[in-house]
Amino acid sequence: MSIPSSADSIIVLDFETTGLSPQQGDRAIEIGAVKLHQGEVIDRFQSLMNPGFRVSGFIEGYTGITNNMLRSAPSCAEVMDQFADFIQGSNLLAHNASFDQRFLDAELALICRNYAGKFACTLLVSRRLHQETSSHKLGDLVKYHRIENDGVFHRALADAEMTARLWQVQLNALKDKYAISQPSFELMAKIAKTPKASVEQMLRKEALK
DNA sequence: TGCCAGGCCCTCTTTAGGGCCTT
């Protein structure tokens, strides 16, 4: 299967999990995602999932997702199988994408599913495009850029929606500052991999293409 | 019961250490 081009859809996703490391036995408890096509949200995916064990009090407090809510939720395998269908044909985007990618890879490996898209990361792009900000936490960036929100944080779909809006802010910054009229997904991924000290020069060259 | 990770990035760096970010 070929990698989707920038003209195709992008899935912005966010996991809530039992902890920080699937290698240490942590599991996903919620997935939220929006599908973007040409910058517009054209579809959404959200589901709680039962990890098969009780989550800690810290996670209940941090996410607002309680053991009682998870008791009647479908299994991780059932939800992730549906999500694998949802993301086919799309590139992927998350805030601190290495975290979400680890859980996506781990959960899909358990059900022998995979995906073809590439990941981009709004955290890495933010550290390069907005070096003036002291914090690059999603919630702080939402405040800094005055991104519309409903006050819900640390729930998967709400965080995915805000990440999608942050992505649009970053695309607009490239248009305004560097006159790059239609920044591609591939360019954003390239920005994330470019050393911070070289980004300015790289984008100036990009603007001349 | 208590504990756990990993990639990025900076600097008092590279034979390392520590903060940031995600739950």
Side-chain angles (χ1 to χ4, degrees), chain A residues 11-34 45-70 73 76 79-80 83 87 92-110 118-145 147 149 151-167 169-170 188-203:
Chain A
I11 301 288
V12 189
L13 64 97
D14 184 72
F15 279 105
E16 303 306 318
T17 70
T18 64
L20 295 174
S21 174
Q23 301 302 319
Q24 297 293 321
D26 287 317
R27 299 294 303 270
I29 57 173
E30 187 181 40
I31 178 69
V34 297
F45 187 105
Q46 185 277 329
S47 182
L48 293 172
M49 54 191 119
N50 189 329
F53 56 88
R54 291 180 63 81
V55 303
S56 69
F58 171 79
I59 292 298
E60 285 189 313
Y62 187 80
T63 65
I65 299 170
T66 65
N67 283 294
N68 195 40
M69 292 164 66
L70 295 173
C76 293
V79 173
M80 292 308 299
F83 189 64
I87 65 177
L92 305 163
L93 172 68
H95 194 69
N96 197 10
S98 65
F99 173 85
D100 293 281
Q101 184 173 8
R102 278 198 299 277
F103 275 93
L104 181 64
D105 291 351
E107 292 292 346
L108 292 186
L110 290 172
K118 299 289 187 183
F119 262 95
C121 177
T122 49
L123 170 64
L124 295 181
V125 171
S126 181
R127 283 176 174 164
R128 286 158 177 78
L129 293 189
H130 295 284
Q131 298 185 28
E132 75 280 7
T133 66
S134 57
S135 167
H136 298 274
K137 293 178 183 176
L138 180 60
D140 289 339
L141 291 174
V142 165
K143 292 176 187 170
Y144 179 77
H145 294 294
I147 292 171
N149 69 90
V152 177
F153 293 91
H154 304 306
R155 286 300 299 267
L157 184 58
D159 283 3
E161 300 260 15
M162 286 188 286
T163 301
R165 292 172 193 151
L166 174 59
W167 174 254
V169 166
Q170 294 174 337
M188 300 299 270
K190 183 178 179 182
I191 290 171
K193 291 180 179 177
T194 302
K196 287 174 72 172
S198 307
V199 165
E200 183 79 17
Q201 185 180 23
M202 185 274 281
L203 288 173

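Chain letters run A, B, ... following the sequence lines, proteins first and then strands; every chain starts at 1.
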Span that lies between the [atom1] atom of [M] and that of [N], in whole angstrom:
| N | M | atom1 | value |
| --- | --- | --- | --- |
| B:dG2 | B:dT15 | P | 40 Å |
| B:dG7 | B:dT1 | C1' | 30 Å |
| B:dT23 | B:dA5 | C1' | 11 Å |
| B:dC10 | B:dC4 | C1' | 26 Å |
| B:dC8 | B:dT14 | C1' | 16 Å |
| B:dT13 | B:dG17 | C1' | 9 Å |

Measure from [atom1] on [X] to [atom2] on [N] and round the result to the nearest Å.
| X | N | atom1 | atom2 | result |
| --- | --- | --- | --- | --- |
| A:F103 | B:dC21 | CZ | C1' | 14 Å |
| A:D26 | B:dG2 | CG | C1' | 14 Å |
| A:D105 | B:dG7 | CG | C1' | 14 Å |
| A:R155 | B:dT22 | CZ | P | 17 Å |
| A:F58 | B:dT23 | CZ | C1' | 7 Å |
| A:I59 | B:dA5 | CD1 | P | 15 Å |
| A:I29 | B:dT23 | CD1 | C1' | 8 Å |
| A:F119 | B:dT22 | CZ | C1' | 13 Å |

Could you tell me whether [X] contacts a base, only the sugar-phosphate backbone, or nothing, with contacts defined as non-hydrogen atoms closer than 4.0 Å?
| X | answer |
| --- | --- |
| A:S135 | sugar-phosphate |
| A:D159 | sugar-phosphate |
| A:Q24 | base |
| A:F15 | sugar-phosphate |

OP1 or OP2 of B:dC20 under 4.0 Å from side-chain N/O of A:K137: no
Just N and O in the side chain of A:H95: are any of them under 4.0 Å from OP1 or OP2 of B:dC21? no
Which nucleotide in the list [options] gets nearest to the side chain of [X]?
| X | options | answer |
| --- | --- | --- |
| A:H136 | B:dA5, B:dC21, B:dT23 | B:dC21 |
| A:H154 | B:dT23, B:dC20, B:dC10 | B:dT23 |
| A:D14 | B:dT23, B:dC4, B:dC21 | B:dT23 |
| A:N96 | B:dC21, B:dG7, B:dT23 | B:dC21 |

Report yes if some heavy atom in the side chain of A:F103 is under 4.5 Å from a heavy atom in the side chain of A:I31; otherwise report no. no
State whether a side-chain donor-acceptor pair under 3.5 Å links A:S21 with A:D26. no
For A:H154 and A:T63, which I'm curious about, is there any donor-acceptor pair between the side chains at under 3.5 Å? no
Closest-nucleotide ordering on DNA chain B, the 5'-leading residue of A:A197 and A:S21: A:S21
Which residue, A:Q23 or A:Q131, contacts DNA chain B at a nucleotide closer to its 5' end, judged by nearest heavy atom? A:Q23
Do you know which of A:K137, A:H136, A:E132 makes side chain to side chain donor-acceptor pair (under 3.5 Å) with A:Y144? A:E132
Is A:E16 salt-bridged to A:R155, cutoff N-O under 4.0 Å? no
For A:C76 and A:N50, run side chain to side chain contact (heavy atoms under 4.5 Å, CB included): C-alpha distance rounded to whole Å, both residues' side-chain angles, the deciding distance at 0.1 Å, then the answer. CA-CA 6 Å; A:C76 293; A:N50 189 329; over 6 Å; no
